[in-house]
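The structure displayed is predicted, hence computed values, not measured ones. Each chain gets a letter, A, B and so on, in the order its sequence line appears, and its residues count up from 1.
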Number of protein chains: 2
Amino acid sequence: MEPAFKIKINRKLYLKDPELSELGRKILKQGLSLILQLGFEQFTFKKLAADIGTTEATVYRYFENKHRLLTYLINWYWTFLEYKILFNTKNINNPETKLKKVIELLSEEPKMQNKSDELSEKSAYELLMLEGSKAYLTRHVNSDNKHKFFKPYKDLCADFSSMIKEYNPKYPFPQSLASTILEMSHSQKYFMKYLPSLTDFGKEKTNAKHRQFLEHLLFQAIKKNN
Amino acid sequence: MEPAFKIKINRKLYLKDPELSELGRKILKQGLSLILQLGFEQFTFKKLAADIGTTEATVYRYFENKHRLLTYLINWYWTFLEYKILFNTKNINNPETKLKKVIELLSEEPKMQNKSDELSEKSAYELLMLEGSKAYLTRHVNSDNKHKFFKPYKDLCADFSSMIKEYNPKYPFPQSLASTILEMSHSQKYFMKYLPSLTDFGKEKTNAKHRQFLEHLLFQAIKKNN
DNA sequence: TTATAAATGATAGTATTACTATTATACTTC
DNA sequence: GAAGTATAATAGTAATACTATCATTTATAA
């Protein structure tokens, strides 16, 4: 279940590779945790530095600014999720079963895990739900895109889209459907938690309905022979 | 086509009603335009004040902070859109035709219109696409929600959801589907423009495919008898 | 082992942001 | 013409988003 690999992140996202030092890893882990706690707008490098017992200037040696750190963390999760999906569907031949597995993976909320040093999947999942779209909703989206900062998301989307095409090669909107399901998997969870009347899931504890919704949406859309 | 009514905005959103003075209307109109130009993060009341030839302090007499102004503008659009949809579907009895009309309205990009003093639909549409989710993706979402700042969005969603139920009373996720289509109508447009590989629309000039995608997604989901 | 470089800490500084406060002036309306 | 309201002008403050400098500690290579 736990894939044994190192997630590679676009080198333009950092000034100094945070994975390569104790302090860098603290910046990632505590940075993620502080963003979750304070919200991205209220989060600052100064607060983070205080939190991990270093100085603002030091944090700035790793990341140009807080948006780059956010993008790094989001990229980490997108890449992680792609591996997770590929790993868990690798031996499934039936396209339907495969897609169902993907929906399951997108719908389930990761369990707590505290392998101390590493970024936790659960926190990264939360981050994507709470702040994910802020990674691309900026006026520098084009420049970020040229730097390939969205490649992990595009790759993930492309994988999903391929599976859709495998299931029904004639479906005309596989990419849009993939990005829709990906986006919705997070935003419907957000709505469920904070604006439940925008959903049909109430404030339920389980994600069963959330999953049923996505699964139904997906399979109705790509249904064959109509 | 042009509905003749005044859009009422939640009074807690402002300190002084901006609709009631020349200056207030300038704050709205130029504020919207500046946010589009600079992006919400780079937008400040100081820049806005300079732009309309007043002082920062004066702008603060109308709005507590820039997020309230954003929420005001987004609320204005949600309310506008609700009226637009209700107005344009009022005399349609067939539920299918009605839903198709809604999709059409959600997919079409408003034309330029410069009735000088008033907020322009086109700009507000852009705002929703570029900054819309920042209205609710904050750590004060619960408090904002208690203040009913999201009521217009919920109302819009509820209307749409009712039409879905009218078409197929047995469909189990009308609210989620409504919010999904609403969200996607904007985010797929954003992707189309800035991250086209997340869609199947390329960098096309027309919104025809965008519309087909939404329509197909909607009607396949709520199809009867399966 | 020492020299050398690289990473971090300590400290300071700057322009801008996100406000609040005060006083003066102009504009309205009663 | 007085009284009130809206705006302008100005000032000030704490925090943000950085950049710069220099000293010190730590790792690495000769």
Query raised in the report: Between B:Lys29, B:Arg25, B:Lys6, B:Lys26, which is the residue that forms a salt bridge (charged side-chain N to carboxylate O under 4.0 Å, His left out) with B:Glu19?
Result: B:Lys6
Requested in this report: Specify the separation, in whole Å, of atom CG of A:Leu15 and atom P of C:dA6.
Outcome: 16 Å
Query raised in the report: Would you call the rings of B:Tyr190 and A:Tyr136 parallel, tilted or perpendicular, where under 30° means parallel and over 60° means perpendicular?
Result: tilted
Requested in this report: Using a cut-off of strictly less than 4.0 Å, decide whether B:Thr58 has a side-chain nitrogen or oxygen near OP1 or OP2 of D:dT7.
Outcome: no
Query - Note: A:Glu109-A:Lys193 ion pair, threshold 4.0 Å (strictly below) - result: no
Report task. Give the rounded distance in Å between these two atoms: CG of B:Leu69 and C1' of C:dA18. Result -> 14 Å
Report task. Compare side-chain N and O positions of B:Lys16 against OP1 and OP2 of D:dT7 and report whether any pair is under 4.0 Å apart. Result -> yes
Query raised in the report: Touch check for A:Phe63, heavy atoms < 4.0 angstrom, all strands: base, sugar-phosphate only, or nothing?
Result: nothing
Report summary line: Hits for salt bridge (charged side-chain N to carboxylate O under 4.0 Å, His left out) against B:Asp17, two or more places apart or cross-chain, chain-then-number order -> none
Query - Estimated bend of the helix from C:dT1-D:dA30 to C:dC30-D:dG1 (axis per five terminal pairs, rounded to 10 degrees) - result: 10°
Query - Any donor-acceptor N or O pair under 3.5 Å, side chains B:Gln188, B:Thr199 - result: no
Report task. Compare the minimum distances between each of D:dA8, D:dT7, C:dT8 and the side chain of B:Ser21, then state the nucleotide with the smallest one. Result -> D:dT7
Query raised in the report: Would you find more than 12 non-hydrogen atoms of other residues, nucleotides or ligands less than 6.0 Å from B:Lys151 atom NZ?
Result: no
Query raised in the report: With respect to A:Tyr153, which candidate in A:Phe160, A:Tyr77, A:Trp78 satisfies the ring-ring contact (aromatic ring centres under 6.0 Å, His included) definition?
Result: A:Trp78
Query - Phosphate contact (C:dA7 OP1 or OP2) by A:Tyr62 side-chain N/O below 4.0 Å - result: no
Query raised in the report: Sub-3.5 Å donor-acceptor pair from the side chain of A:Lys66 to the main-chain atoms of A:Phe40, do we have one?
Result: yes
Query raised in the report: Given atom CG of B:Leu48 and atom C1' of C:dA18, what is their separation to the nearest angstrom?
Result: 14 Å
Query - Whole-Å distance separating the CG atom of A:Leu20 from the C1' atom of D:dT26 - result: 16 Å
Query - Under-4.0 Å salt bridge between A:Asp51 and A:Lys47 - result: no
**Report entry** Separation of atom CG in B:Leu23 from atom P in C:dA26, rounded to whole Å
**Finding:** 17 Å
**Report entry** Per A:Thr55 side chain, nearest of listed nucleotides C:dT11, C:dT8, D:dA8
**Finding:** C:dT11
Query raised in the report: Rounded to the Å, how far apart are B:Lys26 NZ and D:dA6 P?
Result: 17 Å
Polar atom pairs (N or O), protein with nucleotides 15-21 of chain D, under 3.5 Å:
| residue | atom | partner | partner atom | Å |
| --- | --- | --- | --- | --- |
| D:dT16 | OP1 | A:Lys47 | NZ | 3.3 |
| D:dC18 | O5' | A:Tyr60 | OH | 3.1 |
| D:dC18 | N4 | A:Glu56 | OE1 | 3.1 |

